Amino acid sequence: MPDAATLQSDICAALEQRDLPAGLFAVDVRAECASTNSTLLELAESGASSGTVVVARHQSAGRGRRGRHWVSAPGDSLTFSLLWRFAPGTSPSGLSLAVGVALVRALSSLAAQATPGAIVPAGALPALSLKWPNDLLLDERKLAGVLVELVPGKPHAAVIGIGLNRQLPEALPAELRESAAAWPYGTAPADLLATLLLHLAQVLEQFAGGGFAVLRSEWQSHHAHQDQAVSLLDELAAPRQGICRGVAPDGALLLETTAGIERVLSGEVSLRPARP
Ligand code: BTN
């Protein structure tokens, strides 16, 4: 990955080539920060505008869902956060799932025009799928994670953090390496980011107009566990087993159990395919 200054100018050039309203995004590339989400939450509290993007070549304390770390060596993953201010009263339910739809659209379009020399031939469609609530999988392994956080006191302003593996860090523990994937198309980081932002802008506009409900069937068409047996692990309660019946219009997971269909909110739950 190029240094921060080169990346900054590459990203500006890549954004100019896309069909985007001028000034929609203001991108700030940092050589290092603790967490792009934390940095952007601070900027948001001091009035940063919608469309502000913080990108870090390296995060020293990248954060994931459920208090986990996002592990990456400098340049190994694309790590960035986007601030989006919705109209007051907009419900953020299902926003991290909507972001997953944008990731699939963006990466599918990049795969279709992959550069010569990529590990995977141009046009070969990658096996991308979505795992509720916030993971993007490639060949059933985690390629990217999404961490959506609301700006304190401003429930309609969201910081959308995305980490996407370009290569797997040496320091990644073996048990995580087995279930992790890296983007195999050799896309330049600036093109990767500009394409993701283009599709995020489109999806966030749809979300602003109709909530997650308008993206629900597209999300389900990429759902990794649709109609499959799963276990839901919860730190505070016994595991629950059932058949995954997709998601509700507000993004809740629909789990069919012997007691009927249960709605599961993202909270502290982790989903695993059930063992046969
Ligand atoms: C998860 O898989 O639990 C979510 C991972 C989200 C990681 C990204 S990297 C950019 C942004 N900044 C952070 O500290 N976290 C998110």
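Note that ligands are numbered from 1 as they come in the structure, with each ligand's atoms numbered from 1 the same way. None of the values given here were measured: they were computed from a predicted structure.
The ring-ring contact (aromatic ring centres under 6.0 Å, His included) pairs that include a residue from residues 137-170 number zero, where partners must be two or more places apart or lie in different chains.
Heavy atoms of other residues, nucleotides or ligands lying less than 6.0 angstrom from CD of Glu175 number more than 12. With a 6.0 Å radius and a threshold of 12 heavy atoms from other residues, nucleotides or ligands, Gln228 has its CD atom above the threshold.
Around ligand 1, the residues contributing at least one heavy atom under 4.0 Å from the ligand are Ser35, Thr36, Asn37, Gln59, Gly62, Arg63, Gly64, Arg65, Trp70, Thr79, Phe80, Ser81, Asn134, Asp135, Lys142, Gly145, Val146, Leu147, Gly161, Ile162, Gly163.
Residues forming a salt bridge (Lys or Arg N to Asp or Glu O under 4.0 Å) with Lys142 (at least two apart in sequence, or on another chain): Asp135.
Side-chain atoms of Gln8 come within 3.5 Å of backbone N or O of Val29 as a donor-acceptor pair.
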N/O donor to acceptor pairs below 3.5 angstrom from side-chain atoms of residues 42-49, sequence neighbours left out:
from	atom 1	to	atom 2	distance (Å)
Ser46	OG	Glu42	O	3.0
Ser46	OG	Leu43	O	3.4

